[in-house]
Amino acid sequence: MHSARSTPPALLGLSTYLLSRIGKSARGILADRLAQRGLRLWDMAVLAALSDFGPHAQRDLVVRLGVDPSDIAKVVDQLTTGGYVERARDPEDRRRVSVTLAPAGRELLAELDAEARSVQDELLAPLTPEERTLLQGLLLRVHEGIG
């Protein structure tokens, strides 16, 4: 783990640097835990999008998640093979593939959410519950400003 003592103070004074380091650490820990299940972060992202927003055309997942079309095809293929999503051609437009969350996908997403919250708890352990709530609100405001 990167030590704060070895980091130049000029960098520690930059919120953008701290956000980047913390984000990289969080992503790495969660990615490692997902990899133990043979999954990637994109798998979780697709399941979350389908859970939160309902069925999607595969090409709409590309836009919503900002992922390359060939990558989304691989993710959806893997999730379909695992029984986590169902894919069907639109009868009105055979080029359009609709992707729906299967019950097993909803169960898997609940498990992955618990895993992500565990990682979050580890990373935010130095903060009180009130500080965590404040941080969440501030990060959400920053996120909305870039989106």
**Request:** State which residues pass side chain to side chain donor-acceptor pair (under 3.5 Å) with D113; sequence neighbours excluded, sorted by chain then number.
**Result:**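 Listed in chain order: R117.
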
**Request:** Could you list the residues that satisfy side chain to side chain donor-acceptor pair (under 3.5 Å) with R94, not counting sequence neighbours?
**Result:**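 Side chain to side chain donor-acceptor pair (under 3.5 Å) check on R94 returns nothing, list empty.
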
**Item:** Residue pair V99 / L50: nearest heavy atoms and the distance that separates them
**Value:**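 Of all heavy-atom pairs spanning V99 and L50, the closest is O-CD2, 3.4 Å.
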
Under a 4.5 Å cut-off applied to non-hydrogen side-chain atoms, are [X] and [Y] in contact?
X   : Y    : answer
L39 : L108 : yes
L18 : L12  : yes
R37 : L112 : yes

**Prompt:** In the hydrophobic clustering that connects Ile, Leu, Val, Met, Phe, Trp and Tyr at side-chain heavy-atom distances below 4.5 Å, which members other than V97 occupy its cluster, ordered by chain and number?
**Reply:**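 Members besides V97: none; it forms no cluster.
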
**Request:** Could you list who else is in V63's hydrophobic cluster, with ILVMFWY side chains joined at under 4.5 Å, directly or through other members?
**Result:**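 Listed partners: none, V63 stands alone.
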
Under 3.5 Å, which donor-acceptor pairs link side chains of residues 51-62 to any protein atom two or more places apart or in another chain?
{"from": "S51", "atom 1": "OG", "to": "R106", "atom 2": "NH1", "distance (Å)": "3.3"}
{"from": "H56", "atom 1": "ND1", "to": "G54", "atom 2": "O", "distance (Å)": "2.8"}
{"from": "H56", "atom 1": "NE2", "to": "R64", "atom 2": "NE", "distance (Å)": "2.8"}

Set of side chain to side chain contact (heavy atoms under 4.5 Å, CB included) partners for [X], sequence neighbours left out:
X    : value
R95  : D93
R40  : D43, V75, Q78
L138 : L134, R141
L127 : L124, E131, R132, L135

**Message:** Among residues at least two apart in sequence or on other chains, which ones pass salt bridge (charged side-chain N to carboxylate O under 4.0 Å, His left out) with E92?
**Reply:**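 Once residues adjacent in sequence are excluded, E92 has no partner under the salt bridge (charged side-chain N to carboxylate O under 4.0 Å, His left out) criterion.
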
Output side-chain donor-acceptor pairs under 3.5 Å for residues 26-34, partner residues at least two apart or in another chain, one line each.
{"from": "R33", "atom 1": "NH1", "to": "E115", "atom 2": "OE2", "distance (Å)": "3.0"}
{"from": "R33", "atom 1": "NH1", "to": "S118", "atom 2": "OG", "distance (Å)": "3.2"}
{"from": "R33", "atom 1": "NH2", "to": "E122", "atom 2": "OE1", "distance (Å)": "3.3"}
{"from": "R33", "atom 1": "NH2", "to": "E122", "atom 2": "OE2", "distance (Å)": "2.3"}

**Prompt:** When rounded to the nearest 0.5 angstrom, what distance separates CD1 in I72 from CH2 in W42?
**Reply:**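 CH2 of W42 is found 7.0 Å from CD1 of I72.
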
**Request:** Working to the nearest 0.5 Å, report the span between CD of Q136 and OG1 of T133.
**Result:**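 That separation rounds to 8.5 Å.
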
**Request:** For residues 81-91, pull every pair meeting salt bridge (charged side-chain N to carboxylate O under 4.0 Å, His left out), keeping only residues two or more places apart or in separate chains.
**Result:**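 Of all non-adjacent pairs touching residues 81-91, those that pass salt bridge (charged side-chain N to carboxylate O under 4.0 Å, His left out) are D77-R87, D90-R96.
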
**Request:** Please confirm whether the backbone N or O of R21 pairs with a side-chain atom of S25, one donor and one acceptor, at under 3.5 Å?
**Result:**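 Judged by distance alone, no pair lies under 3.5 Å.
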
